[in-house]
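Just so you know, these numbers come straight off a predicted model, no measurement behind them. The first residue in the sequence is number 1, and the count goes up from there.
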Amino acid sequence: MISNLCHVTRTSSSLQLVSNGWGKTGFSSLRTSRLQICCAAKSETVQKVVEIVRKQLALPPESEVTPDSKFASLGADSLDTVEIVMGLEEEFDISVEEESSQNISTVQEAADLIEKLVEKKAAA
């Protein structure tokens, strides 16, 4: 059962203070669950990543490469992955730190990282 406590306090001005508290029995599963927010990269960025992956791995045009495609499942070894990252750096005029590059295993992860780095560079 959810117990919702809502208090509205009038002040001398036209502003009101509103507080909302949830009782101990409400939303207990949210306290223990991890909340994950994901901002997917633009489709243009994903498409460029797909093109670079295809080129670096010499994949035929009919081979399926999706945002969820893992580089390893496409036949990439560690050297191929380094070459993919280098191709991405050149295409997007960014620099990917070694630590970040080790966390890239899918097309989507690469596209998300690229957009983050491009935004960071633009803000600097």
Nearest heavy atoms of [X] and [Y], plus distance in Å:
X	Y	value
D80	G75	OD2-O, 3.7 Å
E99	N103	O-ND2, 3.3 Å
A111	V46	CB-CG2, 3.7 Å
L113	S100	CD2-CB, 3.9 Å

Could you state the interatomic distance from [atom1] ([X]) to [atom2] ([Y]), rounded to the nearest 0.5 Å?
X	Y	atom1	atom2	value
S101	I84	OG	CD1	11.5 Å
R54	S63	CZ	OG	4.0 Å
S43	K48	OG	NZ	11.5 Å

Can you name the one residue among E109, Q108, K116, E115 that meets side chain to side chain contact (heavy atoms under 4.5 Å, CB included) with D112?
Q108
L57 and side chain to side chain contact (heavy atoms under 4.5 Å, CB included): which partner among L74, V65, D77, T81?
L74
Using a 3.5 Å cut-off and no angle test, enumerate the donor-acceptor pairs between side-chain atoms of residues 85-93 and protein atoms at least two apart in sequence or in another chain.
unit_1 : atom_1 : unit_2 : atom_2 : d
E89    : OE2    : V96    : N      : 2.7
D93    : OD2    : K121   : NZ     : 2.8

